[in-house]
Amino acid sequence: FIIAVFRLLAHVPVPGVDTSTLKAYLSGNAILGIFDLFSGGALQNFSIVTLGVGPYINASIIIQLFTIMIPKLEELSKEGEYGREKINMYTKFLTVPLALLQSYGIYFLLSKQGIIPTLGIFQLVILILTLMAGTMLLTWIGDLVTEYGVGNGISILIFVGIISRLPVTALQVANGLFTGSAAQIMGLVIFLLFSLLVVMSVVLVNEGTRNVLIEYGRRSERSQKVTNYLPMKINQAGVIPIIFAVSAVSLPSMISGPFVASSNTTLQNIGIFLNANFSQENLLYNVIYFVLVFGFTYFYTSIQFDPVKIADDIKKRGGFIPGIRPGSNTSAYLKGVISRITLSGALFLGLIAILPFLVTKATGFTDLSIGGSGLLIVVSVVLETVRQVESLMTVRDYQSFLH
């Protein structure tokens with residue numbers, strides 16, 4: 001029912017917007033295309049939930065970074081359920097100004113393109129408040145799913161928004177298989193096999209870990225040696241480096257529109273240059289995109305994984321890595337391990353980010369319903385939801401056994 005409500009809201013438009021022009025504009029803008037993907041097509045319809053849960057995701061990332069930098073927030077994050085509720089409250093407080101700012105940003109950008117007419121103060125305030133209210137409504141709906149349903153509600157909404165285009169694409173593929181030429185059918189078959197291979201790769205990398213053996217000293221000669229493992233994920237950063245990178249690499253194409261519309265010849269030439277060299281089909285765009293994802297992966301992993309702190313925690317618990325002295329040597333060892341596995345994770349994320357470009361060049365299939373970042377999110381949400389379902393089933397089995 002909640003999913004049905006979300007899909008209904010995504011088709012309730014804000015009046016006065018040329019949606020056909022908006023769809024054409026979104027097809028050539030990567031960052032707005034990702035926003036539209038996460039909102040399940042709400043942006044191309046310019047619905048009341050156009051922003052989706054994007055502002056909440058941005059607020060969550062900002063609060064997560066602040067948790068690392070601000071000691072009080074770090075202490076709060078360690079206080080169990082109470083701390084998580086407090087941090088979630090701060091995240092929602094931050095979501096409101098971000099949603100207001102993002103609402104005005106979308107209006108400013110689209111009005112410069114002539115997609116939205118210039119509004120008066122009163123109409124503009126109504127538009128901004130409507131879009132902000134749509135975001136907060138989805139956040140509340142997501143919390144309902146988290147509290148009473150299975151899985152994380154916000155992740156489920158993003159997941160539903162991403163896969164909402166799959167039925168249309170599946171029909172197009174089926175139609176191509178039945179009515180296309182031999183070459184087209186062969187291209188579609190190769191594309192389907194490649195898609196299956198990519199999904200398998202995403203699952204393997206997303207679930208892949210490097211387990212570092214940790215031993216704990218014996219309390220007495222009679223006590224057994226205690227061993228444990230420190231799991232270090234290949235992809236520590238998730239999809240966040242892709243979000244950061246696409247924001248940076250899409251900035252030139254976003255500002256090219258106002259430049260081209262300018263009356264100044266120099267600004268027009270700059271806009272034409274940016275528009276020609278920073279489109280999704282351009283090689284330079286994808287090379288820069290790959291490099292940015294690679295760099296942001298290392299940056300975010302260094303924030304998420306602190307080898308000095310982990311080595312100190314292991315030492316305080318009386319543990320050690322066999323063959324490695326506790327303290328600074330353990331820290332240096334963990335730093336070397338995380339650097340090596342992050343290399344493969346960063347390369348994989350970079351390839352996933354430019355996946356649409358690679359698939360288009362290899363198969364000629366241009367109508368991708370899910371890009372690399374969307375696929376990564378879909379797989380992560382499915383795996384996490386399946387784990388929660390299995391956990392609930394296990395608890396239910398234990399309860400029936402006890403009764």
Side-chain angles (χ1 to χ4, degrees), residues 59-91 94 146 152 155 204-241 244 295-346 348-349 380 383-384 387-388 390-391 394-395 398:
S60 300
I61 295 172
I62 293 171
I63 292 294
Q64 189 176 13
L65 295 176
F66 281 172
T67 302
I68 299 170
M69 295 184 290
I70 300 175
K72 288 186 177 180
L73 283 177
E74 185 177 2
E75 293 173 5
L76 192 62
S77 66
K78 298 177 181 178
E79 293 184 10
E81 187 65 27
Y82 170 79
R84 283 193 293 271
E85 288 181 358
K86 277 286 186 182
I87 289 178
N88 191 30
M89 183 180 68
Y90 295 152
T91 304
L94 184 58
T146 302
N152 182 282
S155 299
L204 288 174
V205 173
N206 197 61
E207 296 295 289
T209 58
R210 163 77 153 83
N211 294 326
V212 177
L213 179 64
I214 298 176
E215 292 185 0
Y216 294 90
R218 300 179 181 180
R219 297 183 181 274
S220 64
E221 293 183 0
R222 294 183 179 181
S223 62
Q224 295 182 348
K225 180 175 64 175
V226 179
T227 61
N228 204 342
Y229 291 94
L230 172 66
M232 303 170 68
K233 295 190 69 173
I234 295 176
N235 181 18
Q236 290 271 350
V239 76
I240 291 178
F244 284 170
F296 278 128
T297 302
Y298 268 96
F299 169 73
Y300 195 75
T301 301
S302 67
I303 293 176
Q304 287 287 97
F305 188 89
D306 187 354
V308 176
K309 181 181 176 182
I310 293 176
D312 189 49
D313 290 341
I314 294 173
K315 185 178 180 181
K316 287 179 180 178
R317 293 183 173 87
F320 64 93
I321 299 174
I324 308 295
R325 291 176 61 87
S328 59
N329 288 347
T330 299
S331 174
Y333 175 79
L334 293 176
K335 186 176 181 181
V337 171
I338 195 65
S339 296
R340 289 194 296 273
I341 64 175
T342 301
L343 175 63
S344 56
F348 178 78
L349 279 183
S380 301
L383 291 174
E384 183 61 32
R387 274 194 290 266
Q388 290 201 23
E390 291 176 347
S391 176
T394 303
V395 171
Y398 273 118

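- Note: Leu383 CG to Asn206 CG = 6.0 Å, rounded to the nearest 0.5 Å.
- Residues Leu230 and Ile321 have side chains not in contact (no heavy-atom distance under 4.5 Å, counting atoms from C-beta outward).
- Between Lys233 and Gln236 the shortest heavy-atom distance is N-NE2, 3.2 Å.
- Smallest separation of non-hydrogen atoms from Tyr298 and Ala346: CE1-CB, 4.2 Å.
- Shown here for Ser331 and Ala311, the closest heavy-atom pair between the two residues is N-CB, 3.7 Å.
- For Lys72, there are no salt bridge (Lys or Arg N to Asp or Glu O under 4.0 Å) partners two or more places apart in sequence or in a different chain.
- Between Thr330 and Lys315, the closest side-chain pair of non-hydrogen atoms is not below 4.5 Å.
- Nearest heavy-atom pair, Leu334 versus Met232, reported as atom, atom and distance to 0.1 Å: O-CE, 3.8 Å.
- Tyr82 places no side-chain N or O within 3.5 Å of a backbone atom of Leu76 that could act as its donor or acceptor partner.
- A salt bridge is absent between Asp313 and Lys309: the closest approach of a Lys/Arg side-chain nitrogen to an acidic carboxylate oxygen does not fall below 4.0 angstrom.
- Interatomic distance, CD of Glu207 versus OG1 of Thr209, reported as 8.5 Å (0.5 Å rounding).
- Remark: Leu349 CG to Asn235 CG distance equals 4.5 Å, nearest 0.5 Å.
- Ser302 OG to Lys335 NZ: the interatomic distance, rounded to the nearest 0.5 Å, is 9.5 Å.
- Side chains of Phe320 and Glu215 form a contact here, defined as non-hydrogen atoms less than 4.5 Å apart.
- In this structure, Asn228 CG and Asn211 CG are separated by 9.5 Å, a value rounded to the nearest 0.5 Å.
- Counting heavy atoms from C-beta outward, Leu73 and Tyr90 have side chains that approach closer than 4.5 Å.
- Among all heavy-atom pairs drawn from Tyr333 and Val212, the shortest one is CE2-CG1, 4.0 Å.
- The backbone N or O of Arg387 lies less than 3.5 Å from no partner atom in the side chain of Ser391, so there is not a single donor-acceptor pair.
- Judged by distance alone, with hydrogens and angles left aside, the side-chain atoms of Ser344 form a donor-acceptor pair with the main-chain N or O of Ile341 at under 3.5 Å.
- Taking the side chain as every heavy atom from C-beta outward, Ile214 and Arg317 never approach each other to under 4.5 Å.
- For the atom pair Thr146 OG1 and Asn88 CG, the distance stands at 8.5 Å (nearest 0.5 Å).
- Between Tyr300 and Gln64, some side-chain heavy-atom pair lies under the 4.5 Å cut-off.
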